[in-house]
Amino acid sequence: MHDLSEEVQNLDRQADMTARVVQSLDTQLAAINTEVGATTSDLIRAQDELTLKQARLRQRLVDIYKRGPLYSVEVLLSATSFGDLVARYKYLHLIALRDRALVHRVEDLRNQINKQRSNLVRFQADIQENLQEKADEERRLRDLQSQQQSSLAKAKRSAQETERRLARLGKDEQRLSSVIANLEEARRRAERAAPNAPRAASTFRAGSNARFDWPVEGDLLYSFGRVVNPNNTTVRWNGIGIKAAAGTPVRAVAAGRVLVAEAFGTYGLTVIIQHPGGDYSVYGSLGRIATEKGAVVGKGDVIGYVGSSDPELGPHLHFELRPQGRAVDPLDYLRAQR
């Protein structure tokens with residue numbers, strides 16, 4: 001949940017930053033569009049002026065040369081003096097040169113404006129492309145943010161469900177401990193009522209070299225004691241979880257009497273066996289029970305079959321050993337697996 005929350009915030013920051021870039025590009029694009037429009041108008045005016053100047057120069061040239069070489073002779077003959085002749089010819093020549101220079105300047109202006117407009121149009125296309133990319137990126141970030149928010153909400157619901165499940169598990173563990181404590185108290189009262197009766201030795205003696213067969217073969221799913229799960233929740237197991245296929249036979253680790261054979265909250269179908277000396281073994285998460293309350297079972301007898309009380313854990317056996325009613329690590333009493 002913490003990681004998802006940080007990712008949602010990070011995506012929100014990225015999306016906001018991209019949105020600001022999109023807004024800036026929009027402003028730039030609007031300014032470029034205005035400039036392109038103004039440049040286009042300038043180009044049209046320059047083109048119109050160039051057309052006018054070209055027409056004027058064309059007309060000037062026609063006026064000067066429309067009569068061919070004879071026109072030059074007429075200019076010479078109509079002059080009152082040689083100086084007048086030179087002045088007339090020079091005047092006409094200068095006018096033609098001026099018109100031609102104007103045409104060239106307007107052409108240069110037209111070409112310059114056209115080049116400027118082409119650069120602006122390319123810049124406009126680049127901005128539009130960049131704008132589209134950033135808009136797509138913003139949509140992608142918003143979609144991803146929405147997905148992560150959905151995942152975060154789902155994780156929060158899952159966390160709440162996990163907390164409720166852990167609360168139920170803790171309550172059921174207390175209930176199981178209470179049941180075994182009551183059974184042990186009843187056994188001790190019976191011993192006190194018959195002080196001369198022989199006392200059975202503890203089945204699971206601390207420090208004993210005796211080792212018991214596993215109730216079912218399989219890998220450890222969880223160990224005895226405090227365990228931190230991948231989702232950062234903490235569980236204290238009073239036993240071990242042995243992974244096995246659903247329907248695998250579960251066998252009693254020692255002889256004794258069945259005192260509980262029923263559904264037991266989060267433990268699922270559960271069998272509790274009381275062994276001589278005030279020791280108890282607990283077999284939870286059964287798919288089916290193959291014994292009944294009050295039955296006497298021997299070592300290795302099938303008392304049930306592997307099931308799954310928690311879909312998240314899959315098929316497994318929850319196994320506890322409680323000498324004198326106190327939960328201990330079953331691995332200290334079981335044989336080493338081959």
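Worth knowing before you read on, the calculation uses all heavy atoms, side chains too, and leaves out hydrogens, waters and symmetry mates.
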Is it the case that the side chain of Ser177 and the backbone of Glu173 share a donor-acceptor pair, with hydrogens and angles ignored and the cut-off at 3.5 Å?
yes
Besides Tyr267, the hydrophobic cluster formed by Ile, Leu, Val, Met, Phe, Trp and Tyr side chains linked at under 4.5 Å, directly or via other members, contains Leu176, Val179, Ile180, Leu183, Leu259, Val260, Phe264, Ile272, Tyr280, Val282
Give a yes or no answer on whether the side chain of Thr18 reaches the backbone of Glu138 with a donor-acceptor pair at less than 3.5 Å.
no
Would you indicate whether Glu191, at its atom CD, is surrounded by more than 12 heavy atoms from other residues, nucleotides or ligands within a distance under 6.0 Å?
yes
For Asp172 and Thr266, the nearest pair of non-hydrogen atoms, with its separation, is OD2-N, 2.6 Å
Arg175 CZ to Lys171 NZ distance, which is reported to the nearest 0.5 Å:
10.5 Å
Enter the distance from Leu169:CG to Arg236:CZ here, rounded to the nearest 0.5 Å.
12.5 Å
Are Arg187 and Gln324 side-chain neighbours, meaning at least one heavy-atom pair lies under 4.5 Å?
yes
CG of Asn238 to CZ of Phe224: how many Å apart, nearest 0.5 Å?
6.0 Å
List the steps and the verdict of salt bridge (Lys or Arg N to Asp or Glu O under 4.0 Å) for Lys134 and Glu137.
CA-CA 5 Å; Lys134 291 301 180 182; Glu137 181 181 355; 3.6 Å; yes
Please name the pair of heavy atoms, one in Gly298 and one in Ala252, separated by the smallest distance, quoted to 0.1 Å.
O-CB, 3.8 Å
Flag, side chain of Arg257 to backbone of Gly294, donor-acceptor distance under 3.5 Å
yes
Let me check something: do Leu334 and Leu220 share a hydrophobic cluster, defined by ILVMFWY side-chain heavy atoms less than 4.5 Å apart, either directly or through other members?
yes
Would a single hydrophobic cluster contain both Ile242 and Tyr305, if residues Ile, Leu, Val, Met, Phe, Trp and Tyr are joined by side-chain heavy-atom contacts under 4.5 Å?
no
What I want to find out is whether Arg192 reaches Glu185 closely enough, with some N-O distance under 4.0 Å, to be called a salt bridge.
yes
Transitively linked via ILVMFWY side-chain contacts under 4.5 Å: Val258 with Val296?
no
Return the set of residues passing salt bridge (Lys or Arg N to Asp or Glu O under 4.0 Å) with Lys243 (not counting sequence neighbours), or none when no residue passes.
none
Closest approach of Ala244 to Glu217 (non-hydrogen atoms, all atoms of both residues)
CB-O, 4.0 Å
Starting at OG of Ser281, measure out to CD of Glu320 and round the result to the nearest 0.5 Å.
10.0 Å
Where at least one partner belongs to residues 16-27, residue pairs that pass salt bridge (charged side-chain N to carboxylate O under 4.0 Å, His left out), sequence neighbours excluded:
Asp16-Arg142
Any chance CZ of Phe123 has more than 12 other-residue heavy atoms, nucleotides or ligands included, within less than 6.0 Å?
no
Contact between Tyr333 and Val253 at the side-chain level, heavy atoms closer than 4.5 Å - yes or no?
no
Would you find a donor on one side and an acceptor on the other, under 3.5 Å apart, between the side chain of Arg251 and the backbone of Gly300?
yes
Less than 3.5 Å apart, any donor N or O on the side chain of Gln132 or Asp136 sitting next to an acceptor on the other?
yes
Roughly how far, to the nearest 0.5 Å, is CZ of Arg13 from CG of Leu141?
12.5 Å
Nearest heavy-atom pair of Val216 and Pro249: which atoms, and what distance?
CG2-O, 3.8 Å
Chi angles and distances behind the salt bridge (Lys or Arg N to Asp or Glu O under 4.0 Å) call for Glu161, Arg168
CA-CA 10 Å; Glu161 177 58 32; Arg168 292 195 301 269; 3.4 Å; yes
Would you sort out whether Phe319 and Val250 count as a side-chain contact (heavy atoms from CB on, under 4.5 Å), showing the intermediate values?
CA-CA 10 Å; Phe319 178 63; Val250 177; over 6 Å; no
Counting only N and O atoms by type, is there a donor-acceptor contact under 3.5 Å from the side chain of Asp279 to the main-chain atoms of Thr203?
yes
Examine distances only and state if a side-chain atom of Thr270 and a backbone atom of Gly268 form a donor-acceptor pair shorter than 3.5 Å.
yes
Value for OG1 (Thr39) from CD (Gln112), rounded to nearest 0.5 Å, stands at 11.0 Å
For Trp214 and Leu331, the nearest pair of non-hydrogen atoms, with its separation, is CH2-CD2, 3.6 Å
Any donor and acceptor pair, going by atom type alone, linking the side chain of His275 with main-chain N or O of Ala255 inside 3.5 Å?
yes
Using a 3.5 Å distance criterion without hydrogens, assess whether the side chain of Ser178 forms a donor-acceptor pair with backbone atoms of Gln174.
no
Give the ring-plane orientation class for Trp237 versus His318, where under 30° counts as parallel, over 60° as perpendicular and anything between as tilted.
tilted
NZ of Lys293: more than 12 outside heavy atoms within 6.0 angstrom?
no
Does the pair Arg188/Glu184 count as a salt bridge with the N-to-O cut at 4.0 Å?
yes
List the atom of Leu313, the atom of Leu221, and the distance in Å for their closest heavy-atom pair.
O-CD2, 3.5 Å
Only residue of Val328, Asp332, Leu321 satisfying side chain to side chain contact (heavy atoms under 4.5 Å, CB included) with Phe204 is Leu321
